[in-house]
A.B. asks: 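I am attaching a structure below and will ask some questions about it afterwards.
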Amino acid sequence: MPIWLSEDEYRTLTAACERLIPSDETAGATDAGVPDYIDGLLGAFAVDPPRIWAGGPTSGRFGGAPGFATFHRLGALDELAWRMRIEGSLGIPEREFNGPVVGWQQLYRDGLAALGPDFCDVSGEEQDERLRAEEEFTVLLYGHCCEGMYGAPEYGGNRATVAWEAIEFLGDVQPRGFTDAEVSGP
Amino acid sequence: MTVDAIIVGSGPGGATVADVLTRAGWTVTIIEKGRNHLIDPDDPSRLAQDYSNDELKFLHRHFLGPDPLIEPRTFRTRIEDGERTHVGEVNSIPSTVGGGGTHADGKVPRFRPEDFRLHSTYGPVDDAAVADWPVDYDELEPFYAEVERLVGVAGTAGANPFAAWRSGPYPMPSGAPMYGAVLSSAAAERHGLHPYAAPTAANSISYDGRPACNNCGHCAYFGCPIHAKGDPVAMLQHALSTGRAELLSETFVSRLRTNGRQATGVDVIGPDGVERTLGARHVVVAGGAIETPRLLLLSGIEHPLVGRHLMMHFQTMNVGILPERLHAHKGRSVTHVHDDCMLVDDDARLTARAAGLPWIRGGMVEHGGGGHPVMEAQFYPWGRSHKKLMAASPLRDRLWAFIMQGEDLPQPTNRVDLDPTVRDVRGFPVARITYRPHRHELVASDHHGPRHIRVLEEMGATWTATTTSPLVEGAAFSSPFGDAAHYRGPISAIPASRHVMGTTRMGTDPSTSVVDAFGRMHDLPNVVVADSSVFVTSAGYGPTLTLVALAARAATALLG
């Protein structure tokens, strides 16, 4: 069950992500969990603390405690900013000090709808065409796709660091770091 | 309660003043509008564990602040643009305990003697307010030496043939050179350049109770998870350990209170949203060269030069894609630099003359690698080619760059003022930046760029390009991968530089400067500016060490 999106929206999102970063020999967006990353971002405030900033200082992947798994508590202003960004201003006066803000939830709701109710059933070429036609939404979606793909797995994507492995990137290496020889040699 | 000094801003400038004043027995209150992810104020020996190798948190989700949705700035290149052309992030430096020191990759060079005497050394330039500083290198040298020890700087004395004299060695030896820098330094030397190990505020050995850097590669834009970086943590630790410093985070200073002759304190809004007034014998303003003039303007301080002469470094990025992997994610973001482009040699004079300028100066050139994977991914087009590009990694693992931090001449029309309508979350007018480079910067950029392209070709680059930040008017950014529509990076008319300087310039004449040689406001002598706002010219070096040395000197003067 998606956290914030409807089942239909989640299916459309998954199909769209798969066109942006397709699967081949290695995992694409779907296999890496990118739709869950995006759904988790849109529903960040469904959990407490909200899934905005993973904790520190280590993930445990290279030693140390699994600190990334415990998300930071937000300050009052942090929460306001992230609710504005995700939910939009929704007519709430304290969020509209510079006018109304359209949140990502609305942009996704509208953007996924604009891709069409039959998006999952049309050909890949047709899907690409619709994504190109909805350029503004696709830029937003692609930005988040890249975040989910190559961000830390604690945010819901990059499952089991599958995307990092495909690009020979170790990710968060603290507390191991790199030796001087690894830094200075080929 | 009235403390000896209120310090607005906990970055490198404010933290240094706090250290110097508390050491002498003064009581201080350090006020920081951002959150505290750095240090336990009740037990300053305990450092926070909040920083991490997490690209989303630091590069995409504003963990160190400011969040541009609630604390935007606005931008325009000139008055004719209208009130603004952009609302959002503009040259933001972290607003968090530790300020800009937390995200810097810690290049901390000293300036050279001529950097303080540009007018008398090279002469005036039309449409620019080139002037000498009211302080020279020899006066500042003992403070440079002191703050290199405080911050913890690793470097190799004598490695830079153009460096100024120094009274002693660096506190630490240089750290490990990055592989790409080993290659680029060798190639640069073959082209007659003089690369050297950059003086770096990252511990190469354990220092002042903090560990040696372990080369995790998450330096620029990140806080250091193991506190090996010379962000102002050491100075904050020293100050808080005296028991004479109080640190108020998530507290916004909305106004300096004055009685016409001097400041009496500040109005603040705390994390609970409650407004109150704090009294002090002195007020030190160290909010950075954009927030400092904003606060003075919010306070109704009407000196006509407050906010003017805003400078940033004009960045020229010469980039190349190499056949081999350079793994720039291992190491300290930048380990080598060269100063050759700061020299006004015969070639530079010829170019200047042909362009109708008396002289040109470039800036320090950083040898650096590519960014992080999410940034890289967003740069490539979507579809079938995406993962192939990510796997080959031309823009991250095979990219090498020479980035020149070009001297930016002071122009009175480049300025910070209060936006007429855009507000921050607390309801206060935000800073509006009006900025465009002087012709000098463009000519210097054109002059020094091609040489670095030849060095990249010498290294074996199969593709090279030069671009600048801010983008020169009329120029377009070209991506080697065609469709750059997805690119959301820093290449635009808004300068990406985080080196902001010059908005309350120092001088001896109150009609041409805002503060005196010790950072004291001419009109309100118990108000001291202790950040890069006081810079008279921008040199071509990162401003941090110089602003910290000036802050130490200003604080020492304050003690009398």
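No hydrogens, no waters, no symmetry mates; every other heavy atom, side chains included, goes into these values. Below, read A as the first sequence line, B as the second, and so on, with proteins coming before strands; counting in each chain starts at 1.
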A.B. asks: Is any side-chain heavy atom of B:I70 closer than 4.5 Å to a side-chain heavy atom of A:M84?
C.D. replies: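 Sidechains of A:M84 and B:I70: in contact.
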A.B. asks: Give, as side chain, backbone, both or neither, the part of B:V422 having an atom under 4.5 angstrom from any heavy atom of chain A.
C.D. replies: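 Contact with chain A: backbone and side chain both.
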A.B. asks: With rounding to the nearest 0.5 Å, note down the distance linking NE2 in A:H144 to CG in B:L56.
C.D. replies: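 The NE2 atom of A:H144 sits 10.0 Å away from the CG atom of B:L56.
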A.B. asks: Quick check: do A:F178 and B:H329 have side-chain heavy atoms less than 4.5 Å from each other?
C.D. replies: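 Touching, per the 4.5 Å side-chain cut-off.
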A.B. asks: For A:A54 and B:D54, which heavy atoms make the closest approach, and how far apart are they?
C.D. replies: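 Answer, listing the atom of A:A54 first, then B:D54: CB-OD2, 3.5 Å.
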A.B. asks: Measure the shortest side-chain to side-chain distance between A:D24 and B:R384 over non-hydrogen atoms and say whether it is less than 4.5 angstrom.
C.D. replies: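 A:D24 vs B:R384: side chains touch.
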A.B. asks: Just so I know, are the side chains of A:Y142 and B:H386 near enough to count as touching, which here means a heavy-atom distance under 4.5 Å?
C.D. replies: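 The answer is yes, as the side chains (C-beta and beyond) meet within the 4.5 Å cut-off.
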A.B. asks: Looking at B:G217, B:A391, B:G383, B:S385, which one has more heavy-atom pairs under 4.5 Å with chain A than the rest?
C.D. replies: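 Among the listed options, the one with the most contacts to chain A is B:G383.
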A.B. asks: Go through B:H327, B:M390, B:K387 and name the one with the most non-hydrogen pairs under 4.5 angstrom from chain A.
C.D. replies: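 Top option by heavy-atom pairs under 4.5 Å: B:K387.
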A.B. asks: Any non-hydrogen side-chain atom of A:D78 less than 4.5 Å from a side-chain atom of B:D67?
C.D. replies: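 SC-SC contact between A:D78 and B:D67 ruled out.
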A.B. asks: Any side-chain heavy atom of B:R426 sitting closer than 4.5 Å to one from A:L77?
C.D. replies: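 Side-chain contact under 4.5 Å: yes.
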A.B. asks: Could you have a look at B:C213, B:P373, B:G331 and say which one has the most heavy-atom pairs with chain A under 4.5 angstrom?
C.D. replies: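 Of the options given, most contacts go to B:P373.
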A.B. asks: Among B:A377, B:A48, B:A328, B:P68, which residue forms the greatest number of heavy-atom pairs with chain A at distances under 4.5 Å?
C.D. replies: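 Heavy-atom pairs under 4.5 Å are most numerous for B:A377.
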A.B. asks: Counting only non-hydrogen atoms closer than 4.5 Å, does A:Y37 touch chain B with its backbone (N, CA, C, O), its side chain (CB onward), both, or neither?
C.D. replies: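 When you check distances to chain B, only side chain atoms of A:Y37 fall under 4.5 Å.
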A.B. asks: Which heavy-atom pair separates B:A176 from A:S184 by the least distance, and what is that distance?
C.D. replies: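 Where B:A176 meets A:S184 most closely, the heavy atoms are CB-OG, 3.8 Å.
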A.B. asks: Give a yes or no answer on whether the side chain of A:N98 reaches the backbone of B:R423 with a donor-acceptor pair at less than 3.5 Å.
C.D. replies: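 At least one qualifying donor-acceptor pair exists.
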A.B. asks: Does the plane of the ring in B:F63 sit parallel, tilted or perpendicular to the ring in A:H72? Use 30° and 60° as the thresholds.
C.D. replies: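 B:F63 and A:H72: tilted rings.
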A.B. asks: CG of A:D172 to OG of B:S52: how many Å apart, nearest 0.5 Å?
C.D. replies: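 Those atoms lie 8.0 Å apart.
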A.B. asks: Over 60° means perpendicular and under 30° means parallel, so tell me whether B:H62 and A:W82 are parallel, tilted or perpendicular.
C.D. replies: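 Answer is tilted, since the angle falls between 30° and 60°.
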A.B. asks: With a 4.5 angstrom heavy-atom cut-off, is it the side chain or the backbone of A:F68 that approaches chain B, or both, or neither?
C.D. replies: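 Answer is side chain: those atoms of A:F68 sit under 4.5 Å from chain B.
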A.B. asks: Report yes if the side chains of A:L131 and B:W382 come closer than 4.5 Å at any heavy-atom pair, otherwise no.
C.D. replies: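 Yes, close enough: below the 4.5 Å cut-off.
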A.B. asks: Could you go through B:E376 and A:Y150, starting from their C-alpha distance and side-chain angles, then the distance that decides it, and tell me whether this counts as side-chain contact (heavy atoms from CB on, under 4.5 Å)?
C.D. replies: CA-CA 10 Å; B:E376 179 190 25; A:Y150 301 104; over 6 Å; no
A.B. asks: Among A:A152, A:G75, A:A166, which residue forms the greatest number of heavy-atom pairs with chain B at distances under 4.5 Å?
C.D. replies: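 Heavy-atom pairs under 4.5 Å are most numerous for A:G75.
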A.B. asks: Less than 4.5 Å apart, side chain to side chain, heavy atoms only: is that true for A:F97 and B:D424?
C.D. replies: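 Counting from C-beta outward, A:F97 and B:D424 never come under 4.5 Å.
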A.B. asks: Does atom CZ of A:F137 have more than 12 heavy-atom neighbours, drawn from other residues, nucleotides or ligands, at distances under 6.0 Å?
C.D. replies: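 Yes, the 6.0 Å shell around CZ holds more than 12 heavy atoms from other groups.
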A.B. asks: Between A:E168 and B:R325, is there a salt bridge with N-O shorter than 4.0 Å?
C.D. replies: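 Here B:R325 pairs with A:E168 in a salt bridge, since their nearest N and O are under 4.0 Å apart.
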A.B. asks: Can you tell me which of B:Y179, B:F58, B:Y51 forms the most heavy-atom pairs within a distance under 4.5 Å of chain A?
C.D. replies: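 Most heavy-atom pairs under 4.5 Å with chain A: B:Y179.
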A.B. asks: Relative to chain B, which segment of A:L41 carries a heavy atom at a distance below 4.5 Å: side chain, backbone, both, or neither?
C.D. replies: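 Just its side chain gets close to chain B.
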A.B. asks: What part of B:P271 gets closer than 4.5 Å to chain A, counting heavy atoms only: side chain, backbone, both or neither?
C.D. replies: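 Contact with chain A involves no heavy atom of B:P271 at all.
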A.B. asks: Under a 4.5 Å heavy-atom cut-off, does chain A meet the side chain of B:T421, its backbone, both or neither?
C.D. replies: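 The answer is the backbone of B:T421.
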A.B. asks: What part of A:R95 lies closer than 4.5 angstrom to a heavy atom of chain B: side chain, backbone, both or neither?
C.D. replies: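 No part of A:R95 comes within 4.5 Å of chain B.
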A.B. asks: Give, for atom CG of A:L170 and atom SG of B:C216, the distance between the pair rounded to the nearest 0.5 Å.
C.D. replies: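 Those atoms lie 12.0 Å apart.
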A.B. asks: What residue, out of B:R61, B:K57, B:Q49, has the most heavy-atom pairs lying under 4.5 Å from chain A?
C.D. replies: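 So the answer, after comparing B:R61, B:K57, B:Q49, is B:R61.
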A.B. asks: Would you say that more than 12 heavy atoms from the other residues, nucleotides or ligands in this model lie under 6.0 Å from the CZ of B:R46, or not?
C.D. replies: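 No, not enclosed.
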A.B. asks: With rounding to the nearest 0.5 angstrom, report the NZ to OG1 distance, B:K388 to A:T26.
C.D. replies: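 Here the rounded value is 8.5 Å.
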A.B. asks: Between A:V101, A:D128, A:L80, who has the most heavy-atom pairs with chain B when the cutoff is under 4.5 Å?
C.D. replies: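 Greatest number of close heavy-atom pairs with chain B: A:D128.
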A.B. asks: Could you have a look at A:A81, A:G151, A:P22 and say which one has the most heavy-atom pairs with chain B under 4.5 angstrom?
C.D. replies: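 Answer, by heavy-atom pair count under 4.5 Å with chain B: A:P22.
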A.B. asks: Under 4.5 Å from any heavy atom of chain B, what part of A:A65 do you find: side chain, backbone, both or neither?
C.D. replies: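 Nothing of A:A65, per the 4.5 Å heavy-atom cut-off to chain B.
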A.B. asks: Within the distance-only criterion (no hydrogens, no angle test), does the side chain of B:Q378 pair as donor or acceptor with the backbone N or O of A:G143 below 3.5 angstrom?
C.D. replies: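 Yes; judged by distance alone, with no hydrogens or angles, the pair exists.
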A.B. asks: Measure up the A:F169 and B:H218 rings against each other and bin them: parallel (under 30°), tilted (30 to 60°), perpendicular (over 60°).
C.D. replies: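 Correct class here is tilted.
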A.B. asks: Nearest 0.5 angstrom please: B:F379 CZ to A:C146 SG, how far?
C.D. replies: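 Answer for the CZ-SG pair, B:F379 versus A:C146, is 12.5 Å.
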A.B. asks: Hey, are B:N215 and A:E182 close enough side-chain-wise for a donor-acceptor pair under 3.5 Å?
C.D. replies: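 Per modelled atom types, A:E182 and B:N215 side chains form no pair under 3.5 Å.
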A.B. asks: Work out which heavy atom in B:P225 is nearest to a heavy atom in A:Q174; give both atom names and the distance.
C.D. replies: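 What the structure gives for the nearest pair is CG-CG, 3.8 Å.
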A.B. asks: Using modelled atom types and a 3.5 Å cut-off, is there a donor and acceptor pairing between side-chain atoms of B:N53 and backbone atoms of A:G171?
C.D. replies: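 No; zero donor-acceptor contacts below 3.5 Å.
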